[in-house]
Each structure stands twice: as C-alpha cells, then as structure tokens.
Amino acid sequence: MPHSLPSAPTTKAIAAAPKSPTQKALDKLGLKRDIDLALHLPLRYEDETRITKLRDAREGDTVQIEARVTDCEVSFRPRRQLIVTVDDGTDTCTLRFFSFYPSQQKMLAVGNRIRARGEVKGGFLGRTMLHPSFRIAGGDLPTALTPVYPTVAGLGQPVLRKEVLAGLARAELSDTFAPGDLSQINQQALWTLRQALSFLHHPTPDVSLDTLSDHSHPAWQRLKAEELLAQQLSQLQSRRARASLRAPVLAMVAPEVFSPANEPEQPVLLPLYTELVATLPFKLTAAQQRVCAEIARDLERPVPMHRLLQGDVGSGKTVVAALAAAICIDAGWQCALMAPTEILAEQHFRKMLGWLEPLGITTAWLTGNQKARERRAMLALIESGEAALVVGTHAVIQEKVEFKNLALAVIDEQHRFGVAQRLALRNKLTHDGMEPHMLMMTATPIPRTLAMSYYADLDVSTINELPPGRTPIITKVVNDARRDEVVERIHAQITQGRQVYWVCPLIEESEALDLSNATQTHAELQAALHGVVLTNGEAVQVGLLHSRMAADEKKAVMAAFKEGRMAVLVSTTVIEVGVDVPNASLMVIEHAERFGLSQLHQLRGRVGRGAAASACVLLYSTGDAPRLSEAARARLRAMAETNDGFEIARRDLDIRGPGEFLGARQSGDAMLRFADLDRDTELLEWARREAPMLLDQHPALAAKHVTRWLGGKSEFLKA
Ligand code: ADP
Ligand code: MG
C-alpha cells in the first residue's frame, strides 16, 4: 500500500527489549537513529571556556566564576535556603539555593574553592546568583562552547550531550550535494554536512554567538539548505508518485449522448452538470466558471486530482463543490463531501438536497451523533450506491462506511482537518490501487512561500472575485465600554427585519468561563431587547448557541436563525466556519482581541452575504492592562483596514510567523525545524531548483537525502 500509516510497534517487540529511561526519553524526542541524534542541534550555547572576574561581571550576565567559599549557612527565613558567600579576590557574590542535597552542602563548605556558573543579579546586598551550577574548582577549561540541547523531563544535558556526540560520531554523513552547489547563495557557505554538524555541536569560542542564534552562520546555511531540499524532494516524490497512481476517469458527458437524435419524442435529458447550472438561482461568476473548468480537466484524467480550491469567505466555493459532484455522478460514480463541524456539514447537506434532489439525486447524510436506525439506513444507501452523494462530518471516513464506488472526495475548510485525518481519508478511499480524486477547499489563502514549501504537491485553483451585488462590510473597532451603543445598533438592524450575530470567544483554559461569558451576554441582550416588536409583528427572539449543547438543540437554534424566526444569535465560536444566512447584516465579536486574525476574518464573512449593507463590530477590552498587546492591535487594525482575505493572510503570516500560521496540526511532524520561510526564501528557491535535478540525475543520492532527513516521517508530507 503506497500510503499506509506507520504501524504501531507490537507488544512483543517491547517485551523483548525493555527500554532504559534514557532510551525512552530519546524516543520521546524522536531520536531513534544515529542521524537523528546528529541532527538534534543545540538551542543555544554556554560559554564555559572562560572564567570571569566578579569585578567585571555585570548584572544580567551569565558568567562562570572561580572563587573561595567564605561563608555557608542554612537560613530559615523567609524560607529554608542555603546561603553561600564566595570571594574571588576581586569581589564577593552570594549564591542562594532553595533545594540542595547534603553532598552539595559539603562541597560548599567554607574554605573550598568552587567553579560556579549562573546569571548575576544585582541588588541591595551586592551580587547574587540563584541556583548556579557548580563544582569543585580546577581542571581544564573546555575549548569549545558547551551546547544546550532541546530535551524532555528526565533527560539531563550531560547524558543527552554524550548520546548526541556518540550519534554524531557513528552517523554516516557523506554529502548528498557538493558544498559548492550553494555558492550562488552564500560565498562562504561552502561547508560539508559533516563540517557543519561538527561545528554546530561544538563551535569554537571565537565564533559570533549572534550568527549561531540567528542561524546566519555558514554552518547553519548548509543545514537549512539540507532541510529545505529534503522537504522539496519529498514533495516532488509524492507528486510524481501520484502521477503513477490510477483514478477513475470522470469525463463530462456531452449533451448529445443524453438526447439521441433518432428518438425525437424522448424528452431532452441534459447532463446533471448542465442542468444544475441551469437551475441555480444565480449565475456563476467568471471565477467560479474558471475553477470549475480546471477541476473538470483534472477529473477526466486517469490520475488522482489533488487540488486546493481557495477563495475568500463568501466567494461561493460550495456550489463549485456541487458542480464537481455533478460531474462525478454523471460519470456513474459516488462523491463524498466532508466538513469539519456538524453545523457546517448539515448546512451543506441541506444545500445539496436543495440543488440536487429536484434533479433526482439521492444524498446521504452521516454524522457521529446520528441515531442508530437512521445511520444504518444511510449506510445501506451508500453501500448500494443509491446515494450518489454523501455529506457529513469525519464520520464519513469511519470504518463501517462502505462506498460502492467512490471517485471524488471534497473536503471543506481543509485546514481544520489534521494531517493524520487527511491521510486516513486517502487510505480509506483507496481501492484496488485506485485512488479517489481530492478537492480541498479553504478560505485561508496560503501565502506564496508556504505554498512553495508545504503545498508544493497541490495544484491550486483560486476564486478571486465575490458574487456581484455584495456591499462591502464596514468594520468598526469599539471599546467594550461602549457596549450600549452597539445594543442600539442591534435594535436598529432587527427592527428593519435584519438579523444579528454576537460571537463570544472560546476561553480555552475554562469551558465553564466560556459558557458563562456567552450566557451572560445572552441574558443581557434578552433584557435589553425585551418587548421589541419586529416588522412581522412578532416579539424578538434572542438565541444562544454553544459547544456544550446537545446536537439536537444546536440544530433547532440554527434552524430558527436560518429561517429568520430568531433575530439575534449569541454564540461561542461554533459558528466560526461556513455558516450561510444571507439576511444577517451585523456581526458583533466580543473580546475580539482574543481571536486570531484568520478567525476574525472568517467570522466577519458570516455577514455581507446578501445585498444589504453589512457591518462588523469588533468589541475589545484591555482587561486590567492599560492597553492591548502589540499583536492584538495589529490584528484589529488589519481587520479595520481590509476585507481582502489574501491581504489578511499576508498580515497574519507577518504577525505570527509560518510555524504558528500553519499550526501544529496542519504541518504534522513535517514542520521545518531550522529554516525560516520568511528569511530563507533564497534557500527555498535553491532547493526548488535543486530537487528535480538531484532526483533525475542522482536518484540514489536523493533517496538517501530524504531518508536521512525525514526518516519515517515523509509520509506526513503527502497528506
Ligand atoms: P464560501 O466560499 O465562503 O464557502 P458559500 O459557498 O457559502 O461561500 O457562498 C456564499 C453565498 O453566496 C451563498 O449564499 C451562495 O449560495 C451564494 N453564491 C454562490 N455563488 C454565487 C453567485 N455566482 N452569485 C450569487 N450568489 C452566489
Ligand atoms: Mg464555505
């Protein structure tokens, strides 16, 4: 199987070789092979090559001193501690320890000479060091800087250091590309892998520590180039592997086939695609037509499509998914549409029903919360092939689900699914060496450097225009102190027949707090809007939606809002993605400072979906602080300044950096450890040029390179 997940070790193997605590800790760090140890690079270095005179040590310096103990006593006030005074002939310093062993106390006896290392703090009573590391003075000073490695609990630096150096000594480090290959980028970066690694594990003291910590040193250049090359190679390999896979051919059927000329009395049957386009309540935008054509071209090839459809919030991706499904169904195959939340999946299901049921297509519905009977019925529809389309949450990829002939999987809001989930999906859907076509949709456009590195294996289609007739959303950033004015605004909107969202943040530390926040706001709005009568003569309804509610309750509230019976919906972020209620014209986001930028943009995209002028109010509160953090202000400013999802994504990347932008789930284990996509664009471009050359001209070296860097992890890059 080309895409099997790494299998779990068998219990037998574990019983045969009991692991030492060190081994377990190394496993936790992912340090299994010699090369893994060699590539486990220091976070920083400590300079133990020098002794500093106390006189020269300034506050805040981390220094190593050699001095004689002049006093050593245990004090009990304010708490038990060991207080040691040392003198090196130039000055004195107090060492404090809150925990200590008798053996340590003995080493610190008056009269002993010790070598201590720690950060110097000033203060009223002179210099102090808190918990310095120390030992008896004397012995050679090391000639190299001492590396400090990333580690886990239970694995101390000395043991880890020994393991890493042993791994480095054993590892096979012959070059997979010549040092000179990098000369276009950096004239001095002509290091071999072995040189670079030896240096970074124990650099000579004369090196500038800055060039090590900012990764600009030539040794780092070599490693970053290596890492980026591994990433590019792996992506290229999977792209090529995909080209050799087979997928069902889903060719568009020409209308003539449906209405044979020799049977003129027969009603004219159009292909589903054409019929759907004709019955839609709107005309497709040019951008939608273009991406549909791109998708159709992919689907008629016998190779699995792997396409990302990106388009701003509200740009109309769902109908594109329906049209892709129509092509698939026309060709006689099944299609699955998967969404990350139940609310969104349900909404898609209703939409698909509305569009496709009148055209005679049966759509099945799958979710984790389904009643057993309904579920069994749905599974039967899917297995028999009667349901040509299956919509649901990730329940769609559970084991029990047996498709008759699935050919296309559409994943909405793909960034919300984990890498492992996407892999599982592909594994699940692969039958007899035949893979389904995959269409992934996202409203978070991927900046170029990320697309070049993490998504190099994807083809991208972009919807770059919104459907006509939308008035741009006006965004206002408002201090929470002016909440009353916001309530007045709500009043004005709902008495004109419009609807309003009010979103409260998810407070991660405490679900209870999160809930009380939303319920409190709900009660507050209910009181403030009590007795207001709407244009339809009915009293205003204020609904509440949060993650702890049962699925049925959620559904009922959502339905009431959708049908316009409920004017105001207070919600935690469960409505975050994809909800579509065109009559909603005002979005209020409480504690907007706590939300991420792309999340704010997603939420704002819930309004401005109809022709009415819409607004988004970002309520912020500084809490006890005098002002908002720099990052929070940057986010709110970006929201106020632009409605363009691409611009928002660019600024988001600026504020957060690529690691956080992608998120751990998104990047899996494949996150770059050393290279920085913003700063290392040149190296990335180099790796992109180098990868195909290496793969074509020296396939054995390419394979060695990927194995060396990615080991068993390259699997994740294919998700
Ligand atoms: P998103 O891309 O955010 O998933 P949706 O697919 O939910 O956006 O579409 C947003 C709204 O725009 C929906 O109500 C949809 O029916 C409507 N829509 C989609 N395409 C068009 C179009 N070409 N003209 C007018 N309205 C459209
Ligand atoms: Mg959507």
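One-based numbering, in listed order, for ligands and for the atoms of each. Sequential numbering from 1 along the given sequence is applied to the chain's residues. Values reported hereafter were calculated over all heavy atoms of this structure, with side chains retained and with hydrogens, waters and symmetry mates removed. No experiment lies behind these values; they were computed from the predicted model shown.
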Problem - Arg650 with Glu647: basic N within carboxylate O range, under 4.0 Å - result: yes
Exercise for the section: Report yes if Gly316 has an N/O atom closer than 3.5 Å to an N/O atom of ligand 1; otherwise report no. Expected result: yes
Problem - Side-chain touch Ile463/Leu309, heavy atoms, less than 4.5 angstrom - result: yes
Exercise for the section: Report the part of Arg470 (side chain from C-beta onward, or backbone N, CA, C, O) that has a heavy atom under 4.0 Å from ligand 1; answer both or neither where that applies. Expected result: side chain
Practice task
Report the member of Lys351, Gln347, Glu465 with the shortest heavy-atom distance to atom 15 (C) of ligand 1.
Solution key: Lys351
Handout entry: Sub-4.5 Å side-chain heavy-atom contact between Leu600 and Leu636
Key = yes
Problem - Gly311 N/O to ligand 1 N/O under 3.5 Å - result: no
Fill in the blank from the handout: Taking only non-hydrogen atoms of Thr285 and a 4.0 Å limit, the atoms of ligand 1 in range are 23 (N)
Practice task
Would you kindly specify which portion of Lys283 sits under 4.0 Å from ligand 1, judged on non-hydrogen atoms: side chain, backbone, both or neither?
Solution key: backbone
Practice task
Considering the heavy atoms of Thr318, write down every atom of ligand 1 situated less than 4.0 Å from one of them.
Solution key: 4 (O), 5 (P), 6 (O), 7 (O)
Handout entry: Nitrogen or oxygen atoms of Lys317 and ligand 1 under 3.5 Å apart
Key = yes
Handout entry: Under 4.0 Å to a heavy atom of Leu284 - the qualifying atoms of ligand 1, by number
Key = 23 (N)
Can I get a per-line list of side-chain donor-acceptor pairs under 3.5 Å for residues 351-363, giving both atom names and the distance, sequence neighbours left out?
residue, atom, partner, partner atom, Å
Lys351, NZ, Asp580, OD2, 2.7

Handout entry: Contacts of type side chain to side chain contact (heavy atoms under 4.5 Å, CB included), residue Met549, not counting sequence neighbours
Key = Leu545, His546, Glu553, Lys554, Val557
Problem - Min side-chain heavy-atom separation Glu590-Tyr620 under 4.5 Å - result: no
Practice task
Could you tell me whether ligand 1 has any atom less than 4.0 Å away from a heavy atom of Gly314?
Solution key: yes
Completion exercise
Any heavy atom of Ile463 under 4.0 Å from ligand 1? The part involved is neither
Exercise for the section: Among Val319, Ile327, Val320, find the residue that satisfies the side chain to side chain contact (heavy atoms under 4.5 Å, CB included) test when tested with Cys292. Expected result: Val320
Exercise for the section: Check each atom of ligand 1 against the heavy atoms of Val313 and keep those under 4.0 Å away; list them by number with element. Expected result: 3 (O)
Exercise for the section: Determine, for Lys404 against Glu386, whether the closest basic-nitrogen to carboxylate-oxygen distance falls under 4.0 angstrom. Expected result: no
